[in-house]
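Presented below is the structure to which this report refers.
Sequential numbering from 1 along the given sequence is applied to the chain's residues.
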Amino acid sequence: MKKIVIIGGGISGLATAYFVLEEAKSKGLKDLEVTLIEKNDRTGGNIVSEIKDGFLIEGGPDCFLSEKPWAMALCKRLGLGDRLLPTSTPRGRTFILSNNKLHLLPEGVILMVPTKMIPMITSTLISLKGKIRMGLEFFIPKRKEKGDETLGDFVTRRLGKEVLDKIAEPLVAGVHAGCPETMSIRASFPKFVQMEEEYGSLIKGMVAKMAGMKSKVSPAPATEAKTGVAKDPRPTMFMTLKGGLTDLTNELLARIKGIDIKTNTSVTEVGFAGSELTVTLNGGNTIKADSVIIGAPAYAAANILKKTDPALSEKLETIPYVSTATVSLGFKRDEIKHPLDGFGFVVPRTEGRKIMAASWSSVKWAGRVPDGHALIRCFVGGGKNANLVDLNDEEMTKMVLSELKDIMGIDAKPVIVKIYRWKNAMPQYNIGHEDRVSGIEELTSKHKGLYLTGSAYRGIGISDTVREAEATAKRVIEGL
């Protein structure tokens, strides 16, 4: 009987457990005992979908990127294909706050790179000087040095400081909650580095990529051509599930129900004794295992390995984390004068506001609110304002409502408010991250049967986490 212990019951641990069982089945490995350990009273980690008074509220992430195929592939593999939900309109409008006014992010801008000139030229967001500097990107030579570079230096070098401040920083903060001055461009956005190396220009590279994607798009289904409605809507950039992302974690939990799942249980130490590993639980009980997979945050893994491998523990502690909070507010639609003509807005830190962004969830996703209502989800905290996460519910609600009044003119009382705090939940890929992770992997490989997985290492986001979970599961079964 082979025994595997998975530490952490978030999307990383649940997906790893599922892939372990699937991989073992495909290899004909029958004598397998799997235990999943979660310190909290529920599994799912940061993925929380809650229905409150008819509002469907996401506490953590609310979607995954279709460009990264692993999450969507897992949904289909689990039989959730008919539950996949694209955004309400394929090209959702995003606004950026500048000089206390909301400006439309020009059509064709992908993260920070423009692919259409006319929308950028006519934009009110970027000054004439900034537009000229952006246009010079075609002529900026590619970087000769091969070492890592911060996101801030990369964007400023290629597109200019105004693009960094007004576009790249707020859009990136909405995804990573990080600071451009410390973020690694190679670890966070490796495709932009590849574009510069291959095309010598981000704009040239992005335009070429978009042209390639268009050439691969299949013709519209016959039903769509005739009626204008397709049976299976094409994926949009952002995808979710009709019942919220807990549709995914709940289905994973259902698929692994045969394993031993221990909630409200902490791991204090993982020890090594020859080819055998020992997992010590709070209370002193131990579990012997052939393989141990740690899918918990890097700092939690560091604490678990502190006594048995101080060097590895020290390396793991070098991956920093920041705290964030989401504040979801439901309103009566007729009490909001703003047209809500997009998916939401992001806030550059140069504006000095107390929220990072706001998503107009009821516009972005169908079926999220009762008739006649609207749902707005605000983001607080991150690399520069992590202290705001510690505000109590009343203070945080008051602060967010004040921000929405200033930015959107909302002066209505919300019918519901739901706050989720995520302390030290967002790993930061700071400059040198790839070397840091390589060192962690080298030290981990010295312990047969020990594996690390999750968002701390080689990809933030649900899709990357799923990819890493599947790759880890294959290594584990091969190792057995």
Within the distance-only criterion (no hydrogens, no angle test), does the side chain of Glu169 pair as donor or acceptor with the backbone N or O of Cys179 below 3.5 angstrom? no
Counting only heavy atoms from other residues, nucleotides and ligands, does the tally under 6.0 Å from NZ of Lys52 exceed 12? yes
salt_bridge(Glu198, Lys209) N-O dist < 4.0 Å: no
Nearest non-hydrogen partners of Ala374 and Val369, listed with the distance: C-CG1, 4.1 Å
In terms of the angle between their ring planes, are Tyr299 and Tyr321 parallel, tilted or perpendicular, with boundaries placed at 30° and 60°? perpendicular
Qualifying residues under side chain to side chain donor-acceptor pair (under 3.5 Å), relative to Lys474, sequence neighbours excluded: none
Find the distance between OG1 (Thr156) and CD (Glu149) and round it off to the nearest 0.5 Å. 9.0 Å
Excluding sequence neighbours, so at least two apart, what forms side chain to side chain donor-acceptor pair (under 3.5 Å) with Asn424? none
With no hydrogens and no angle check, just 3.5 Å: does a side-chain donor-acceptor pair link Trp70 and Asp464? no
Are the charged groups of Glu251 and Arg83 less than 4.0 angstrom apart, N to O? no
Give a yes-or-no answer on whether the side chains of Thr150 and Asp153 include a donor-acceptor pair shorter than 3.5 Å. yes
Nearest 0.5 Å please: distance from the CG atom of Asp247 over to the OG1 atom of Thr240. 8.0 Å
Looking only at side-chain N and O atoms, does Asn430 offer a donor or acceptor that is under 3.5 Å from a partner on Ser184? no
Is any NZ, NE, NH1 or NH2 atom of the basic residue among Glu50 and Lys418 found under 4.0 Å from an Asp or Glu carboxylate oxygen of the other? yes
If you measure from the Lys or Arg side-chain nitrogens to the Asp or Glu carboxylate oxygens, is any gap between Arg353 and Glu403 under 4.0 Å? yes
Spacing of Glu196 atom CD and Ser201 atom OG [to the nearest 0.5 Å]: 9.0 Å
Measuring only between side-chain heavy atoms, which start at C-beta, is Val400 closer than 4.5 Å to Val417? no
Separation of Tyr18 OH from Ile11 CD1 (nearest 0.5 Å): 12.0 Å
Spell out, as yes or no, whether a donor-acceptor pair under 3.5 Å connects the side chain of Ser49 to the backbone of Leu245. yes
Indicate whether the side chain of Glu38 and that of Asn40 have a donor and an acceptor atom separated by less than 3.5 Å. yes
CD/Glu441: more than 12 non-hydrogen atoms of other groups inside 6.0 Å: yes
Look at the aromatic rings of Phe189 and Phe192 and report parallel, tilted or perpendicular, splitting at 30° and 60°. tilted
Arg255 (side chain) donor-acceptor with Leu78 (main chain) under 3.5 angstrom: yes
If I compare all heavy atoms of Thr249 with all of Gly44, which pair ends up nearest, and what's the gap? CG2-CA, 4.2 Å
Considering only NZ, NE, NH1 and NH2 on the basic side and carboxylate oxygens on the acidic side, decide whether Arg77 and Glu470 come within less than 4.0 Å. yes
Side-chain atoms of residues 306-315: list all donor-acceptor pairs with protein atoms under 3.5 Å, sequence neighbours left out, distances to 0.1 Å.
from   : atom 1 : to     : atom 2 : distance (Å)
Lys306 : NZ     : Glu317 : OE2    : 3.2
Thr308 : OG1    : Val270 : O      : 3.0
Asp309 : OD1    : Ala311 : N      : 3.3
Asp309 : OD1    : Leu312 : N      : 3.0
Asp309 : OD2    : His447 : NE2    : 2.6
Ser313 : OG     : Ala302 : O      : 2.7

